[in-house]
Amino acid sequence: ILDIFIPGNAYDTDIHRHMLPLCPKQLPVRLAVIMAFTDCKDINRQLKKMTYDNENSRMTADIVKNRDLPLTDEYDMRVLINKMGRQGALLEIHFRSAVGIKEMIDKDNAKEIIRLNGIYNKITENGDCCTIKQLSINGSDLMAAGVPKGRQIGEMLEKALDAVMREPEMNTKEKLFELLELKEDNI
């Protein structure tokens, strides 16, 4: 059946036979399992051909594209949340769980999924900053501190975001202005 609906897809039918019945019910996760070995550009084209909506097509491609992104610590998880959004990061964890189902006999894999869920839950419960919008400073604050309007604002916000994703306690105006070497009297 997969050959008819997704011609040219490089997939392992044995893997799919074991993974799909145990896969979470979210459509992008199931589609990502089916298309795990497909080029991300082809995923969008193939799903569009099958009349899937843009959101599910985009999320499926994002899941497959980010499948090899390391998730070794909280910083990595915050980067994933930044790239995919909170819901997308959760779907990525579900995808990794589904792909690992065949190896779930290996307790290390099961522990890894539990670990990833724990990291995700901790970040979510703490309300950790994962986007520029969540920073305690914004472009207006930087311009008020004398930073000229333009690309430099974005670069400084990206630098601040990276620092906050590494150390969430940095997300205060004072600490970020110090990091960016801006004068506190302009705050």
Quick one: does C129's side chain get under 4.5 Å of L135's, heavy atoms only? yes
Of all the heavy-atom pairs spanning R86 and D128, show the shortest one and how long it is. NH2-O, 2.9 Å
Is any side-chain heavy atom of D73 closer than 4.5 Å to a side-chain heavy atom of D76? yes
How close do P148 and I153 get, counting heavy atoms only, and between which atoms? O-CG1, 3.6 Å
Report yes if some heavy atom in the side chain of D162 is under 4.5 Å from a heavy atom in the side chain of Y75; otherwise report no. yes
Checking L182 against M156 for the side-chain contact (heavy atoms from CB on, under 4.5 Å) test, could you report, in this order, the C-alpha distance in whole Å, the side-chain angles of both residues, the deciding distance, and whether it holds? CA-CA 11 Å; L182 299 171; M156 292 179 99; 4.0 Å; yes
Sidechain N-carboxylate O distance under 4.0 Å for K159, E155: no
Atom CD of E169 with >12 non-hydrogen neighbours under 6.0 angstrom: yes
Side chains of N82 and T131, donor plus acceptor under 3.5 Å: no
Pair E178 + K175: basic N to acidic O under 4.0 Å: no
Which atom names give the shortest non-hydrogen contact between G139 and L157, and what distance separates them? N-CD1, 4.0 Å
Scan side-chain atoms only and decide if N44 and Y52 contain a donor-acceptor pair under the 3.5 Å cut-off. no
Candidate pair L80 and Y120, rule side-chain contact (heavy atoms from CB on, under 4.5 Å), full reasoning: CA-CA 10 Å; L80 181 67; Y120 175 86; over 6 Å; no
Dump the intermediate steps for side-chain contact (heavy atoms from CB on, under 4.5 Å) on M77 and I93, then the final yes or no. CA-CA 10 Å; M77 184 64 74; I93 293 169; 3.7 Å; yes
Using side-chain heavy atoms (C-beta onward) and a distance below 4.5 Å, is E55 in contact with R58? yes
Given the rule in the side-chain contact (heavy atoms from CB on, under 4.5 Å) test, do V147 and M143 qualify, once you have shown the distances and angles that lead to the verdict? CA-CA 5 Å; V147 179; M143 287 188 287; 5.5 Å; no
Would you check if I137 and T172 make a side-chain contact, meaning some heavy-atom pair closer than 4.5 Å? no
I want to check something: taking the side chain as every heavy atom from C-beta on, are M84 and I63 in contact at a cut-off of under 4.5 Å? yes
Is a side-chain N or O of R78 found less than 3.5 angstrom from the main chain of C130, in a donor-acceptor match? no
Student check: side-chain heavy atoms of K83 and L69 closer than 4.5 Å: yes
Closest heavy-atom pair, D141 versus S136, reported as atoms and distance to 0.1 Å, is OD2-O, 4.0 Å
